[in-house]
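What follows is a single structure, written as structure tokens, with notes after it.
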Amino acid sequence: MAENTRRMNNEPVFGSLAYDLNTLNWGEFDGNAVRQPQEQPQEPLRRPERRERPRQEPRRRPAARPREHASPVMLAGVAVLLMMAVVLMMGYIRLMQASHDVTVKQAQLQQAQEDNVALGVAYEKAFDQSAVKAAAQAAGMTKPTTDQIEYIELGGADMAEICRPESTGPLAQAWNWVKNGVDAVVEYFR
């Protein structure tokens, strides 16, 4: 048999030395971990060759879309929506004003009812019917009789005059509605 002349490395190898060291050329290895620089003939320095970059095609920009204009129907819809919002706000303003007025009127009614009760009690205290009757008889007053009552008849027919409002047409009503709305807004912001 042929004898194996190659040396086998039986020791563990770690890190970057984990190559099969048996395949290396051991003749150049002198046992030192630092490699000795090899002398190479010095060549004159040359300027490196320039490589031309391949030209890229310019990027294509997508064509700008033409600007879309708002359609008249959409503009009319937006205008109607804004008008409806204004009308709604005016309605809320009127509702708030009416509820405030109702509250004030209720307070006034309650105060008037209390005053009526108080005045009724004061009237009853001040005027006693029997005292008034006695004072009237003492002054010579008596109840009227049927011969003392006289009726007056006027000649001619009864007549009444009816005042008509300024105008009742739809245009006049719309104008009054707009005028009242503007007046309400002006009054609200005063």
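Index from 1, following the sequence.
In this structure, the side chains of K133 and S130 stay at 4.5 Å or more apart for every pair of heavy atoms. No side-chain heavy atom of K105 sits less than 4.5 Å from a side-chain heavy atom of L109. The shortest distance between side-chain heavy atoms of Q106 and V102 falls below 4.5 Å. Side-chain atoms of I149 and Y151, non-hydrogen and from C-beta on, do get closer than 4.5 Å to each other.
The nearest pair of heavy atoms linking S99 to M96 is OG-O, 2.9 Å. Across all non-hydrogen atoms, the minimal contact from Q148 to K143 is OE1-O, 4.1 Å. Heavy atoms only, all atoms of each residue included: G181 and R94 are closest at N-NH2, 3.9 Å.
Within 6.0 Å of CD in E114 there are more than 12 heavy atoms belonging to other residues, nucleotides or ligands. Heavy atoms from other residues, nucleotides or ligands lying under 6.0 Å from CG of L171 number 12 at most.
Note on W175 and V182: separate hydrophobic clusters, where clusters join Ile, Leu, Val, Met, Phe, Trp and Tyr whose side-chain heavy atoms are under 4.5 Å apart, directly or indirectly. W177 and M89 fall into different hydrophobic clusters, where Ile, Leu, Val, Met, Phe, Trp and Tyr residues are linked whenever their side-chain heavy atoms come under 4.5 Å apart, directly or through other members. Tracing side-chain contacts under 4.5 Å through hydrophobic residues (I, L, V, M, F, W, Y), one never reaches M90 starting from V87; they form parts of separate clusters.
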Could you please spell out the steps behind the side chain to side chain contact (heavy atoms under 4.5 Å, CB included) verdict for V117 and Q113?
CA-CA 6 Å; V117 170; Q113 287 173 345; 5.7 Å; no

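With hydrogens and angles ignored, the 3.5 Å screen pairs a side-chain donor or acceptor of N180 with a backbone N or O of N176.
With values rounded to the nearest 0.5 angstrom, Q108 atom CD is found 11.5 Å from D115 atom CG.
With sequence neighbours excluded, no residue forms a ring-ring contact (aromatic ring centres under 6.0 Å, His included) with F189.
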